[in-house]
Every structure is written in structure tokens, then in C-alpha cells.
Amino acid sequence: MKVNKNYPRARTTGLPFLIIWLFGVANAQTSAPTADQASSAGGLEEIVVTAEHKSSNLQDTPIVITALTGDTLQEQHITTFETLADTNADVQFSTGSNDARIFIRGVGLDSLSPGSDPRVAIYTDQVYNARTQTGLSSFFDVDRIEILEGPQGTLYGRNATAGAINIISRDPGDKFNGYATVTFGNYGLVQTEGAVGGPLNDTFAGRIAFTTEDHSGYGTNISTGGPVDDAHRGAVRAKLEIKPSDYATIMLQADYASEDDHSGGLHFLGNSPGNEDFGEEQGYAVPSNPRDYAGQGPDDAIRSAGASALATIDLGKLTLTSVSGYRHLDAGQETTSDESTGNLLPVNYFERSSEFTQEFRLSGTFGPVDALVGAYYFHEDNSALTQTAYVSSALLPAFGEAENCCIGIPQQTGPFAQLEGEYAGGSQATNAYAVFSQETIHFTDSFGLDVGGRYSHEKREIDQFYQFDLGRPAGVLPFLVPGAATYADQGKAWSAFDPKVTLHYKITNDILAYATYTKGFKSGGFNFSVIQPAFNPEVLTDYEAGIKADFFDRRLRVDVGAFHYLYTNLQVNVTYQTSLLTTNAAGANLSGAEAQIEATPIDNLRVGLNMAYLNSRYTSYSAINPGEPELGTINLAGNRLQYAPRWKINGLLAYKITTPWGDFTPRADVTWTDQFFFSQFNLPYNQQSAYALTDLYLDYDMKNGWSATAFAKNVTDKLYAVASTQSSLFLGDQLAGELGPPRTFGVSITKRF
């Protein structure tokens with residue numbers, strides 16, 4: 001990994017020619033067999049999804065969806081969101097300060113501030129996870145993962161601007177079933193997962209599932225000698241299905257997850273041109289290996305719990321669905337901002353969230369119309385404390401030089417004292433209401449129209465404080481000093497209407513063409529780390545079209561599409577002193593194309609190609625670069641959006657070898673990611689150069705319930721950054737970020753029953 005390589009030039013895409021070719025093939029293939037008639041011996045499997053709150057074949061659903069079954073996830077050893085993103089050309093993923101930063105088509109969350117709302121909505125069994133950490137902990141005993149790309153404002157509502165991810169866990173089942181998996185690997189990896197479920201009697205069925213993961217650190221804290229980026233986490237889930245009659249089903253669910261490890265801290269990635277980390281300048285050490293770390297922590301602790309009730313009642317021509325959900329999160333992290341052994345600016349984050357959601361949906365079919373109407377309520381109480389616990393007095397001259405905030409404070413010569421520094425936090429209450437509807441009108445058996453809309457109203461109220469105190473030694477009570485602390489009690493409400501119109505046409509039984517116009521809305525809000533006026537909501541308008549096609553008895557599947565986004569009032573983040581400010585940029589445009597191709601050209605051979613092209617630009621945006629304030633306000637129009645590679649390509653090759661002792665399947669998975677920027681300023685030294693990751697697998701299925709997989713991931717041990725931020729000038733304007741995992745290898749053994 002280098003953060004200062006020159007960035008590549010724009011390239012053209014061949015996808016439009018592929019789309020034209022597909023139209024020609026579609027017109028020629030007028031008598032293609034139906035899916036039921038297609039051979040299943042060597043053809044690709046059909047996947048049923050519930051993305052539109054109804055069951056439908058993936059290939060008949062006019063949305064760009066990546067759907068992976070639980071068996072596929074286990075076979076490919078996809079156990080985290082990070083490994084899921086590696087195999088999806090439209091998704092970028094990283095974590096930081098306890099948050100998951102998920103980008104779809106170049107749109108996602110880049111904030112490190114507690115309480116930040118995502119742009120990709122994560123749902124677990126139809127319950128929204130307002131805090132992304134709670135969604136991450138549900139990634140086990142999965143029946144299916146659905147990644148919906150593009151704004152999902154109509155059916156999914158708030159904060160689904162970039163898309164939605166549905167995690168559907170396994171139900172109890174109609175007969176006794178279960179499995180147990182254990183994985184051993186390098187870095188002392190021991191990972192377990194298992195479940196058991198089935199009917200208890202004619203009315204009740206139950207399931208309990210669990211997962212654990214432990215591994216040693218990928219790096220070392222050079223200050224303490226302790227591990228960095230290790231893992232110690234576990235989760236459990238229980239489900240109870242109740243069928244009081246032939247017309248009603250109730251699914252009750254409860255879960256708990258915990259994590260205690262040394263992760264989430266930002267690694268020193270290098271100095272910006274002409275600057276030096278302030279701790280390094282004062283004679284302290286910074287890590288020479290980017291996987292190492294210096295200073296306090298990082299210590300990460302997360303506790304999440306939840307419960308839900310999903311009730312479905314058959315009313316004859318109508319079906320009533322009720323989804324009630326509760327989620328609670330406690331998260332804390334200790335880390336540092338100066339990335340040196342001086343530990344000049346230790347930082348503590350604490351966050352607590354309790355949310356309740358309630359959704360009602362009424363659906364039915366009336367002649368040629370499939371109708372759905374619904375109402376939604378969301379409430380969250382969220383509190384956060386972001387405290388730069390202590391500021392070393394060694395920083396005072398730097399503060400004065402860089403920010404002109406400390407004039408009159410004498411030059412420090414040491415030994416350096418620890419001062420109170422920044423202390424900020426507050427509590428916030430959010431109430432959101434929505435009504436929505438979507439209808440599918442079947443004009444003919446082949447031609448249909450989806451039309452829908454969602455009206456949303458949201459109100460937020462925050463009571464917060466902020467204090468920046470360099471006049472007292474650390475630990476002197478009270479924390480908040482009258483005259484030094486600033487208080488604010490603010491509130492604001494927003495409303496939005498998100499329409500959707502989709503035309504879809506079955507050119508043949510196996511080829512679907514569609515075109516969509518839709519909008520997405522991300523809530524406005526407040527920033528816990530600093531007192532500022534509310535930032536405004538952002539709106540994304542999407543125009544897209546695509547084709548989903550199966551050929552040759554489902555031996556070849558080609559899904560292609562193209563989209564154009566008009567993005568207004570997008571929320572962007574800029575570092576100021578020790579805080580992260582959220583502001584609104586005027587606008588941006590994004591255009592792209594994508595293709596998912598799967599084939600089984602001969603029995604036992606499977607080939608996959610998943611590629612995406614993205615062209616993103618700010619159209620109207622000006623800001624001051626904190627690293628170069630002397631340049632004043634910079635016009636950023638024409639700059640690319642951060643975390644938005646022009647190209648990302650994933651390829652898969654697998655071949656099953658049948659023997660008397662079972663089936664052996666060697667597999668290779670390669671992902672190439674184009675260069676992308678970490679900052680809206682498009683700094684050539686703060687970017688990730690293009691890189692490739694290669695994963696190798698060998699599956700062994702003994703046909704008696706036992707199976708095993710040997711794996712090696714990132715076999716070339718590529719060092720690459722998945723996130724980076726530029727610190728404040730008084731700290732030296734250095735770069736700090738997160739890294740992808742190193743080379744890992746191991747073996748998983750599974751027993752199913």
C-alpha cells in the first residue's frame with residue numbers, strides 16, 4: 001500500500017456494447033424454455049428473494065440484487081461484511097470507531113462520529129438496525145443475504161439512500177435439523193458456529209444458534225506490547241415460531257452479542273507532504289509497520305441485544321403483516337489521535353442507543369394488481385460521549401501555531417502535563433413516521449408497471465454540551481466548568497416524499513428488461529462531537545435500466561444494468577481541531593454500469609464474473625482543506641467522491657471432482673479494485689492505489705453430512721488501506737486509517753444433521 005501514487009486516468013467501459021448484444025440475443029431467443037422446463041442437472045440455481053416484501057424469483061425481480069444463500073456463504077467462507085464486500089463489485093466496506101462504513105455504488109457513510117446515520121440500511125429479519133454495529137453481530141446462521149442496490153426509499157424508507165442489506169436468518173424448519181462448524185487458522189483463529197432447530201409440537205417450533213470468533217492480533221502496540229486488530233466476539237440467537245391456526249404465524253426472536261478486543265484504532269499510514277507527525281517531531285516513535293499501533297488502546301467493547309415479533313395473518317384476499325422490533329446498543333472505545341508513543345491526544349468514545357420500530361403492511365392481489373400499503377414508526381434514544389480525555393501540554397505551541405487558539409500560553413519545556421482537553425456529548429431523541437404504498441399492475445402476462453411512494457416525517461431533538469479546556473490539569477473535577485462549557489438544546493423536523501416508478505417487460509420467459517425512476521432520502525441531524533446547527537437531509541434521485549437473462553437451460557446467467565444519480569445536499573465530513581464537522585455539499589452526479597455473469601458451461605464447472613464501473617463527480621461544492629487552510633476555500637467541483645473506485649471486478653472459478661470418497665471442489669476467487677480517494681479533496685497522497693486480492697479454497701463434501709473447506713485468503717499478503725483520514729494540522733497533518741486483513745489460512749469442518 002502506498003498513499004502517494006499517481007492516480008490513473010479515466011477509462012471507458014465496454015458494458016454498453018454488452019447490453020446491446022443482449023438485446024440482440026433476447027430478440028433471437030423467442031422460444032426459450034421456462035425456468036420449470038430448464039434442466040436443473042447442470043443449470044444455475046433459482047433463488048427466491050423477499051426484497052419487495054413478497055416472495056419472487058431473483059431473476060424476475062426488477063431491482064439490482066445480489067443474493068447469496070446461507071450454504072453459499074459457508075462454502076465461500078464469507079463470515080463478515082468485509083468478506084462479503086470483497087466479492088461484490090458495487091460494495092466497499094470498512095470499520096472505524098465501532099461503526100461499519102458501507103458504500104454501495106460510491107454512496108455510503110464516512111463519518112467517525114457516534115450517532116452517525118448510515119446511507120445503507122441494514123435489516124435483520126425485517127427489523128431496521130439504526131446503529132450498524134447491531135447489524136454486524138447478526139451475521140450467523142444465515143438463510144440468505146440480499147444486497148439491494150440503489151435508493152430504496154419506497155419500501156425501506158429512512159437512510160436507505162444507497163441501498164439496503166437484508167439479513168434473513170434461518171427459521172426453525174419443519175423437521176429436526178442443525179449443524180456445527182469449527183474453523184482453525186493462523187493468528188490462532190478458532191471460530192465456531194452452530195444451530196439446532198425443528199418442531200416442538202403441532203403449534204410450536206424453535207431454533208437456537210450461536211457463533212464465536214477468537215484470533216490474535218494482526219499487529220502489535222509498540223507502546224504497550226499488546227495485540228492490535230485481534231478478535232474476541234460471540235453472539236446467540238433464539239427463535240420461536242407459533243402457529244395458533246392455519247391462518248396465522250408468529251415468529252418471536254431474541255439475540256445478544258458481545259465483543260471485547262483491541263480493534264478499531266487508526267493506524268499510522270504516513271506523513272503528508274511537507275509535514276511530520278507532531279509526536280514524531282518531539283522525539284516519540286511512530287510505527288514503522290502500518291499493521292502496528294502506538295498510544296492508548298485500541299480497546300473496543302460492544303454489547304448489543306434485541307427482540308422482535310413478526311406476525312402474519314391471512315385475511316382471505318389480504319395478508320396483514322406486523323413487524324415489531326427493539327434494539328439496544330452499548331459501545332465504547334479507547335484510542336489515540338496522534339499515532340505516536342507520546343500518546344499526546346488520547347480519545348474515548350461511548351455510545352448508547354435504544355430503538356423501537358413498528359411496521360404494518362397489508363397486501364393482496366386484485367385482478368391484475370398486486371397491492372401493498374403500510375405504515376411505519378421509529379423511535380430512538382441515543383446518547384454519546386466523545387472526550388479527548390487529555391491533551392498533552394506539548395501540543396500547546398502547535399495549537400497556537402496551527403489554530404491561533406492558545407495565544408498567551410507559555411512555551412512548554414517538559415515534563416509535559418496532561419490537560420483536560422475536549423469533553424463533548426449529549427442525548428438525542430428521534431421520532432420518525434411514514435406511510436407507503438407500492439402497486440404492481442400487470443397489463444399483460446409479460447408487461448407490468450410498479451408504482452409507489454413513501455411520505456416520511458422525522459423530528460430530532462438534542463441536548464448537548466461542548467467544552468475545550470486547556471487551562472486545567474487532567475482529572476480535576478468538575479468536568480464541565482461554567483463559562484468554559486457551551487450548552488445547546490436544539491430540535492428540527494423534516495419531511496420528504498420518495499416516489500418510485502418501474503416498467504418491466506418479459507422479453508421471453510427467461511429475459512426480463514426494466515427501467516426505474518426512484519428517490520431516496522437520508523435524514524438531517526446533529527453532530528455529537530461538536531455543537532453546530534442541524535445539517536440538512538440529502539436526496540438522491542436514481543434513473544436506471546437493466547436486463548436479467550438466463551440462457552441455454554440456465555447454464556448462462558447475465559444481469560446487466562446502468563444508472564445515473566442526481567445527488568443533492570449530500571452530507572460530508574471535515575476535520576476541525578479535534579472534532580469532525582458535518583456539512584452539506586451542494587450536489588454530485590454519479591453514473592455507472594454493472595454486470596453479473598454466471599455460467600456452468602459444462603457439468604461441475606462454475607464460472608462467475610462480477611464487475612462495476614462508476615464515474616462520480618461533485619458538481620457544486622466548496623470547502624477549506626484542514627491540512628492546507630492557507631489556501632482558503634477550494635472549489636471541489638469535478639472532484640471524485642471518496643470510496644468510489646472507477647472499476648471493481650470479481651472473478652470466480654470452481655470445478656467439482658467426483659470420487660468414490662466424496663466430492664472435491666477447488667475454487668479461486670480474485671477481486672481487483674481500482675484506485676480510489678479517501679477524501680473529497682482528492683489528495684494524491686491520501687488514496688488507495690489499485691490492488692488485487694486472491695482467495696483459494698478446496699472444498700470436500702463426504703455426502704454423509706460431513707464437509708470441510710481449506711482456505712487461504714489474500715494469498716499474496718497484499719497490504720492495502722480500506723479507510724484513511726487526515727488529522728488536524730496541529731498534530732502534524734498525518735494520515736491514519738484502517739487496513740484490510742493480511743494473509744490468512746485455515747480449515748473449516750462442518751457436520752450437518
Side-chain angles (χ1 to χ4, degrees), residues 97-99 109 111-119 121 127-134 153 157-161 304 306 324-332 349-359 375-387 422-435 454-468 479-480 482 485-498 520-539 569-573 579-584:
S97 300
N98 288 318
D99 264 330
L109 174 68
S111 175
L112 294 173
S113 175
S116 300
D117 286 327
R119 292 181 174 96
V127 175
Y128 174 60
N129 297 282
R131 302 298 112 210
T132 55
Q133 303 96 317
T134 61
R158 72 186 307 269
N159 301 335
T161 319
S304 68
S324 307
Y326 171 79
R327 305 289 322 164
H328 180 80
L329 171 74
D330 281 305
Y349 298 92
F350 303 99
E351 182 176 6
R352 170 170 290 182
S353 167
S354 295
E355 67 169 275
F356 172 76
T357 60
Q358 175 62 54
E359 181 171 286
Y376 180 79
Y377 171 69
F378 168 86
H379 173 80
E380 181 185 26
D381 290 316
N382 190 22
S383 60
L385 177 65
T386 63
Q387 179 185 12
E422 182 182 271
Y423 188 54
S427 59
Q428 178 176 254
T430 303
N431 286 285
Y433 310 83
V435 290
R454 186 186 193 104
Y455 175 78
S456 304
H457 179 78
E458 181 165 321
K459 183 176 182 180
R460 285 188 159 172
E461 297 176 301
I462 190 169
D463 183 6
Q464 63 182 138
F465 60 87
Y466 178 86
Q467 176 177 281
F468 195 77
F479 287 125
L480 295 176
T486 303
Y487 302 86
D489 186 359
Q490 303 182 74
K492 197 164 185 178
W494 304 274
S495 298
F497 177 72
D498 296 323
F521 159 79
K522 181 180 183 295
S523 170
F526 300 95
N527 195 333
F528 274 113
S529 61
V530 67
I531 295 176
Q532 64 177 106
F535 49 86
N536 293 321
E538 58 183 24
V539 176
N569 275 344
L570 63 158
Q571 298 160 8
V572 293
N573 298 281
S579 302
L580 193 70
L581 298 179
T582 302
T583 60
N584 292 97

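Quick note: residue numbers are just sequence positions, from 1.
- Asn431 pairs with exactly one of Glu458, His379, Lys459 by the side-chain hydrogen bond (donor to acceptor under 3.5 Å, both in side chains) rule, that one being His379.
- Looking at every heavy atom in both residues, Asn584 comes nearest to Pro537 through ND2-O, 4.2 Å.
- In plain terms, the two heavy atoms of Leu385 and Ala424 that are nearest each other are CD1-O, 3.3 Å.
- In terms of heavy-atom proximity, Gln464 sits nearest to Val530 at NE2-O, 3.6 Å.
- We find the CZ-CG distance between Arg460 and Asp117 to be 4.0 Å, quoted to the nearest 0.5 Å.
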Could you go through the side-chain contact (heavy atoms from CB on, under 4.5 Å) check for Gln467 and Thr486 one step at a time?
CA-CA 6 Å; Gln467 176 177 281; Thr486 303; over 6 Å; no
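- Exactly one of Tyr466, Phe468, Phe465 qualifies for a side chain to side chain contact (heavy atoms under 4.5 Å, CB included) with Tyr423. That residue is Phe465.
- A donor-acceptor pair shorter than 3.5 Å can be found between the side chains of Tyr455 and Ser495.
- With contacts defined as side-chain heavy-atom distances shorter than 4.5 Å, the pair Lys492/Phe526 qualifies.
- Using a 4.5 Å heavy-atom threshold, the side chains of Arg158 and Thr430 count as touching.
- Note: Thr134 OG1 to His328 NE2 = 11.0 Å, rounded to the nearest 0.5 Å.
- When all heavy atoms of Ala493 and His457 are compared, the closest pair comes out as CB-CE1, 3.9 Å.
- If you take CZ on Arg454 and CZ on Phe521, they are separated by 10.5 Å, rounding to the nearest 0.5 Å.
- Of all non-hydrogen atoms in Ile531 and Gln490, the two that sit nearest each other are CG2-NE2, 4.3 Å.
- The structure places CZ of Arg327 at 11.0 Å from OG of Ser354, a figure rounded to the nearest 0.5 Å.
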Test side-chain contact (heavy atoms from CB on, under 4.5 Å) on Asn382 and Arg131; report intermediate values, then the result.
CA-CA 10 Å; Asn382 190 22; Arg131 302 298 112 210; 4.2 Å; yes
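- Note on ring orientation: taking the six-membered ring where Trp is involved, the planes of Tyr377 and Tyr433 are tilted (angle from 30° to 60°).
- Taking the side chain as every heavy atom from C-beta outward, Gln428 and Phe528 approach each other to under 4.5 Å.
- In terms of heavy atoms, Gly520 sits closest to Asp498 at C-OD1, 4.0 Å.
- If you take CZ on Phe356 and CD on Glu380, they are separated by 14.0 Å, rounding to the nearest 0.5 Å.
- Annotation: side chain of Phe535 is not in contact with side chain of Asn569 (no heavy-atom distance under 4.5 Å).
- The OG atom of Ser427 sits 10.0 Å away from atom CD of Glu461, with the distance rounded to the nearest 0.5 Å.
- A side-chain donor-acceptor contact under 3.5 Å links Glu355 to the backbone of Ala130.
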